[in-house]
2 protein chains.
Amino acid sequence: MGINERKERERDAVKDLILSAAREIFLAEGYENTSIRKIATKIEYSPGIIYNHFKDKNDLLLALHDKAFECKIEALFLSVQNMPDPLERLKATGRGYIQYGIDNPQDYELMFILSCTMEALAVKEEFWQDGAMAINMLKQNIVECMDAGYFRKDINPDEISLILWSQVHGLVSLHNKERLNIYAMEDQKAFMFRSYDVFLSMIQKSLS
Amino acid sequence: MGINERKERERDAVKDLILSAAREIFLAEGYENTSIRKIATKIEYSPGIIYNHFKDKNDLLLALHDKAFECKIEALFLSVQNMPDPLERLKATGRGYIQYGIDNPQDYELMFILSCTMEALAVKEEFWQDGAMAINMLKQNIVECMDAGYFRKDINPDEISLILWSQVHGLVSLHNKERLNIYAMEDQKAFMFRSYDVFLSMIQKSLS
DNA sequence: CAAATATATTGAACACTGTTCAATTTCAAA
DNA sequence: TTTGAAATTGAACAGTGTTCAATATATTTG
């Protein structure tokens with residue numbers, strides 16, 4: 001069935017063409033300005049072709065997200081996995097998260113802010129899996145911090161993980177949505193990282 | 001000049017008509033589904049009329065926001081102002097913020113997530129003032145917590161204020177955008193408030 | 001090779017969107 | 001009653017996502 005294989009390859013090639021054109025526009029002009037017609041024009045196809053490969057625009061955006069960032073969060077955890085000290089590892093994870101978020105605002109929005117991402121049921125499970133995996137790695141790290149005496153041991157790791165995630169997500173999203181402008185800070189990014197460091201120093205158990 | 005006054009009253013009446021119709025649609029169907037034509041149809045006017053009262057759609061949404069929530073954040077601070085213990089006051093402020101955010105997701109989005117809100121330069125200053133005032137009250141509260149021995153005194157209140165804001169904003173926005181679904185929690189809201197309490201207990205200076 | 005079949009692709013059409021603006025209506029002042 | 005200014009209209013423009021009958025292309029069958 002070599003012919004069918006070739007056909008499938010050709011189909012996938014068109015799909016990839018759509019995706020890469022969409023990604024270019026998405027990164028350059030943002031979510032709202034990525035239109036079906038713009039994508040179609042860019043790849044010199046008719047607008048209708050997109051609906052042969054994707055259910056609707058949400059579906060396309062989701063595929064975009066999945067294709068490029070499938071393991072982005074996991075990669076973040078993997079990149080710090082060889083750090084021996086659990087607290088240093090936790091710190092580095094959070095800093096990496098913040099850095100990624102402010103360096104890739106469009107992707108960050110797709111991942112953690114836009115509702116359309118959550119609307120496509122098909123991808124939900126995948127997100128669930130990736131997300132649950134990330135949360136697990138975070139909890140693992142938290143438990144290690146407890147064992148090493150950095151954190152109190154009487155707290156549920158679930159709650160600490162949410163605290164940590166909320167903190168970094170809060171920082172990134174306030175920054176990306178320009179809400180940190182109410183602070184008359186010369187260097188907002190430095191202010192964020194400073195605050196994050198202070199945050200981590202505050203939630204530690206004080207030496208007894 | 002009684003006639004001019006009446007005319008101005010009539011003008012304002014139409015403006016209010018637009019705003020209340022817009023608010024109804026906005027709350028019922030969200031930002032994206034609030035269209036100029038829907039508003040115009042609801043108040044039985046032509047679409048063009050809206051542009052006699054507002055520069056564009058952003059301007060209208062901003063007026064909506066300002067009208068209903070001008071002092072919402074300040075009211076939050078005022079409602080807890082009579083609490084004697086600064087830490088209890090801080091706790092209550094945060095809880096109130098979270099509660100407000102999850103009870104009024106559309107308004108919360110308008111205030112802290114949507115970019116269109118930040119785009120209308122005219123309102124920026126107003127937001128700046130309200131925001132700066134809120135931040136100041138928060139910092140004031142933080143200093144009191146320091147003085148009362150709840151927090152370490154070697155930290156800049158600016159940084160603590162950002163930590164606190166990021167935390168509650170992170171919780172609210174992750175919740176409202178359905179990202180907390182990756183936690184298989186029966187009661188997400190209870191989980192949030194529990195985490196917030198733990199957060200506050202963790203950032204306190206341990207008794208020496 | 002020709003006809004039948006299946007698939008890929010088109011582009012016009014539909015119902016919407018925000019916004020503009022010349023034309024019209026409304027109404028107080030001269 | 002005419003004048004002038006303001007409020008209001010509604011058609012038009014350029015754009016949006018989406019659908020679908022028609023068409024082109026390529027493969028399989030007779």
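Given the structure is predicted, the values throughout are model-derived calculations rather than measurements. Chain naming here is simple, since letters A, B, ... match the order of the sequence lines and numbering starts at 1 in each.
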Quiz item: Which is it for A:Y51 and A:D56 under the side-chain hydrogen bond (donor to acceptor under 3.5 Å, both in side chains) test, yes or no, and what are the steps along the way?
Solution: CA-CA 6 Å; A:Y51 294 86; A:D56 53 26; over 6 Å; no
request  = Carefully, step by step, assess B:Y183 and A:S161 under the rule side-chain hydrogen bond (donor to acceptor under 3.5 Å, both in side chains).
outcome  = CA-CA 10 Å; B:Y183 288 96; A:S161 72; 2.7 Å; yes
Note, A:R179 side chain near B:H169 side chain (heavy atom, < 4.5 Å) = no
note: A:E10, atom CD; C:dT9, atom P; distance rounded to Å ~ 8 Å
Margin query: Salt bridge check, A:R95 against A:D197: does any charged N sit closer than 4.0 Å to a carboxylate O?
Written below: yes
With a 3.5 Å cut-off and heavy atoms only, can you find an N or O donor on one side and an acceptor on the other between the side chain of B:R37 and the base of C:dG18? yes
Practice problem: Classify the nucleic acid contact of A:R11 as base, sugar-phosphate or nothing, counting any heavy atom under 4.0 Å across all strands shown. | Solution: sugar-phosphate
* Does a donor on one side chain sit under 3.5 Å from an acceptor on the other, for A:Y196 and A:Y97? -> no
Review point. B:D103 and B:Y108: side-chain donor and acceptor closer than 3.5 Å?
Key: no
Rounded to whole Å, the CZ-P distance (B:R9 to D:dA7) equals 15 Å
Closest non-hydrogen contact found for B:R11 with B:N52 is NH2-O, 2.8 Å
Taken to the nearest whole Å, CD1/B:I49 to P/D:dG10 is 11 Å
Each nucleotide of nucleotides 21-30 of chain C classed B (base within 4.0 Å of a protein heavy atom), S (only sugar-phosphate) or -, in 5' to 3' order, makes -------SS-
Any Lys/Arg nitrogen of B:E109 or B:K177 sitting under 4.0 Å from an Asp/Glu carboxylate oxygen of the other? yes
note: A:I36, atom CD1; D:dG17, atom C1'; distance rounded to Å ~ 6 Å
Dot-bracket assigned to DNA chain D with the 3.5 Å Watson-Crick/G-U criterion, [ ] for crossing and | for other-strand pairs, is |||.||||||||||||||||||||||.|.|
A:I50 atom CD1 is separated from C:dT9 atom C1', nearest whole Å, by 12 Å
Taking D:dG10, C:dT19, D:dT16 as options, the one with an atom nearest any side-chain atom of B:S46 is D:dG10
DNA chain D nearest-nucleotide lookup for B:H53 and A:K55: closer to the 5′ end is B:H53
A:E29 atom CD is separated from D:dG15 atom P, nearest whole Å, by 13 Å
Atom CG of A:N58 and atom P of D:dT18 are separated, to the nearest Å, by 8 Å
Taken to the nearest whole Å, CD1/B:I43 to P/D:dA7 is 15 Å
* Asked: Hey, are B:K72 and B:D130 close enough for a salt bridge, meaning a charged N less than 4.0 Å from a carboxylate O?
  -> no
